[in-house]
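Notes follow the structure.
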Amino acid sequence: MSSAPSTKSETTAEGVRLSLAGDWTVNSGPLAEAQAENLVVSARGARSATIDLAGIDHLDTAGAWLIDRSRAQLAAGGMNVAYALTSPEHKILIREAHYRKFEAPGRPHVAPLVALLGDIGESVYAAGRDLVQGVGFLGQVVSKTAWLFVHPARWRLTSLVFHFEAFGFRSVPIIVLINFLVGAIVAQQGIFQLQRFGATPFAVNLIGILVLRELGVLLTSIMIAGRSGSAITAEIGSMKMREEIDALKVMALDPIEVLIVPRIAALIVALPILTFLADLAALFGGLLVSWTYGGISPEVYLERLKEAIDFSIFMIGITKAPFMALVIGLIASVEGFAVQGSAESLGSQVTNSVVKSIFMVIVIDGLFAMFFAAVRN
């Protein structure tokens, strides 16, 4: 049965003797805090003090810290303080939970402009470090892929097919739906703007070129970055947290060969196919809106579409897809390997993976746009 903490002071020839009794534990709460303060008050004015712990029934680290804090306060006033009749268990608790002050280090004052420039410098350095890591990781993936082509029996076809289904087949519904809606929206806005100039049929040209060159592959890549890229990072990150990647190394298996190459290969194969389906869905969405909203019959729509685009425009969009898939896979894998041992780290790296992948997809799309513009000129 627990008893309340209590203190009793007794004046002796050597000084004052402070006897403690009861339970000095965290459950005593404010009562133990008040009794610890009473120790200091009772011994005030004496030359020395002895703290007797013989009467304590239960003691934990919280109670030991409170008692030692009172001892430190008395010692700070120049008093000689000692413990008496301390059991070995209590002695260990007093020693380990002893009171000490922690001074917070002063924060140096930094001018706001200097702090801003420092943050920019850190961001640039982090971006350069990520680039170096990405290029190094790309080299490992390329070398391992070349080695697998020399040793085709080491290809993990089961894993490749599984990831192709996860990244490709299971992504078809959302990819088709998103691009269908975007194609319909582009058609509606194009017709709405062009009909002011009596150029409604030219909305078909807008839909065809914009979808096949840019929107189809861009929207598909962004969706895959958010859906499949995050999944890759989460899978590899959770495997690293559970030390499964270390287990692979112990079994003389290369994580790049086992985990990364099948996933990136599946992405490179799946993304062009998804882009093709996305183009069809967007063009079909544009056809329906052009027919119902713009009064352009399907026959006229298809005829104008045939005149507006050629095979090269379609290939421009498809050509971008493998490169975007490679970048998404690389970023997702690097961020997965960067996960530390906490759930917070896993969430942070998954977020970084999606953000960086979408950013790089847009950058690659812009680079390809400038390249094809220069080639045509």
Nearest heavy atoms of Ala203 and Ile191, plus distance in Å: CB-CG1, 3.6 Å

Quick one: closest heavy-atom pair of Ala187 and Gly286, and the distance? CB-CA, 3.6 Å

Within the side chain of Thr145, is there an N or O that forms a donor-acceptor pair under 3.5 Å with the backbone of Val141? yes

More than 12 non-hydrogen atoms from neighbouring residues, nucleotides or ligands closer than 6.0 Å to CH2 on Trp155, yes or no? yes

For a quick test of reading the model, state the closest non-hydrogen atom pair linking Ala225 to Val354 and the distance between them. O-CG2, 4.0 Å

Using atom types as modelled and distance alone, determine if a side-chain donor or acceptor of Ser143 lies under 3.5 Å from a backbone N or O of Gln140. yes

Under 3.5 Å, is there a donor-acceptor pair between the side chain of Gln340 and the main chain of Ala338? yes

Can you tell me if CZ on Phe368 sees more than 12 non-hydrogen neighbours from other groups inside 6.0 Å? yes

Does Phe202 form a side chain to side chain contact (heavy atoms under 4.5 Å, CB included) with Leu206? I'd like the steps, not just the answer. CA-CA 7 Å; Phe202 286 97; Leu206 173 66; over 6 Å; no

Are the side chains of Trp147 and Arg154 in touch, meaning some heavy atoms are under 4.5 Å apart? yes

Find the distance between CD1 (Ile222) and CD1 (Ile175) and round it off to the nearest 0.5 Å. 10.0 Å

What distance do Trp24 atom CH2 and Ser3 atom OG have between them, rounded to the nearest 0.5 Å? 11.5 Å

Start with the C-alpha gap between Glu335 and Thr233, add the side-chain angles, then the distance that decides, and say whether side chain to side chain donor-acceptor pair (under 3.5 Å) holds. CA-CA 6 Å; Glu335 295 299 328; Thr233 303; over 6 Å; no

The reported gap from CD in Glu299 to OG in Ser297 (rounded to nearest 0.5 angstrom) is 4.5 Å

Heavy-atom closest pair (Lys240 atom, Val339 atom, distance to 0.1 Å) is CD-O, 3.2 Å

Under 4.5 Å side-chain heavy-atom separation, chaining through any Ile, Leu, Val, Met, Phe, Trp or Tyr, what else clusters with Val250? Say none if it is isolated. none

Is there a side-chain contact between Thr61 and Glu96, using heavy atoms and a 4.5 Å cut-off? no

Apply side chain to side chain contact (heavy atoms under 4.5 Å, CB included) to Val261 and Ile256, showing your working. CA-CA 6 Å; Val261 173; Ile256 302 296; 4.2 Å; yes

Ala64 and Leu59: which non-hydrogen atoms are nearest, and at how many Å? N-CD1, 3.5 Å

For Phe137, does the CZ atom have more than 12 heavy-atom neighbours from other residues, nucleotides or ligands under 6.0 Å away? yes

Under 3.5 Å, side chain of Thr200 to main-chain N/O of Gly294, donor-acceptor pair present? no

Counting only N and O atoms by type, is there a donor-acceptor contact under 3.5 Å from the side chain of Lys320 to the main-chain atoms of Ala369? no

Does Phe284 have more than 12 heavy atoms from other residues, nucleotides or ligands lying within 6.0 Å of its CZ? no

Test side chain to side chain contact (heavy atoms under 4.5 Å, CB included) on Ser228 and Ile328 and set out the steps. CA-CA 9 Å; Ser228 302; Ile328 292 171; 6.0 Å; no

Least distance between heavy atoms, Asp60 atom then Val26 atom: OD2-N, 2.8 Å

Quick one: pull up CG in Leu210 and CG in Leu215 and give me the separation to the nearest 0.5 Å. 4.0 Å

State, yes or no, whether a side-chain contact exists between Leu74 and Leu18 at a heavy-atom distance under 4.5 Å. yes

Under 3.5 Å: donor-acceptor pair, side chain of Ser348, backbone of Glu344: no

Expected output: side-chain Ser28 to main-chain Leu31 donor-acceptor under 3.5 Å: no

Would you say the side-chain atoms of Arg304 pair up with the backbone N or O of Pro201, donor to acceptor, closer than 3.5 Å? yes

Would you please test Asp310 and Ser312 for side chain to side chain donor-acceptor pair (under 3.5 Å) and show each step? CA-CA 5 Å; Asp310 54 27; Ser312 63; 2.5 Å; yes

So, taking the atom named OG in Ser9 and the one named CG in Asn38, what distance separates them when rounded to the nearest 0.5 Å? 7.5 Å

Side-chain polar contacts of residues 263-283 - donor-acceptor pairs under 3.5 angstrom, sequence neighbours left out - could you list them?
unit_1 : atom_1 : unit_2 : atom_2 : d
Arg263 : NE     : Glu235 : OE1    : 3.2
Arg263 : NH1    : Leu259 : O      : 2.8
Arg263 : NH2    : Glu235 : OE1    : 2.8
Thr275 : OG1    : Leu271 : O      : 2.8

To the nearest 0.5 Å, tell me how far Ile185 CD1 sits from Gln188 CD. 8.5 Å

Could you go through the side chain to side chain contact (heavy atoms under 4.5 Å, CB included) check for Phe314 and Ile309 one step at a time? CA-CA 8 Å; Phe314 168 74; Ile309 63 175; over 6 Å; no

Is the closest side-chain heavy-atom distance between Thr220 and Met223 below 4.5 Å? no

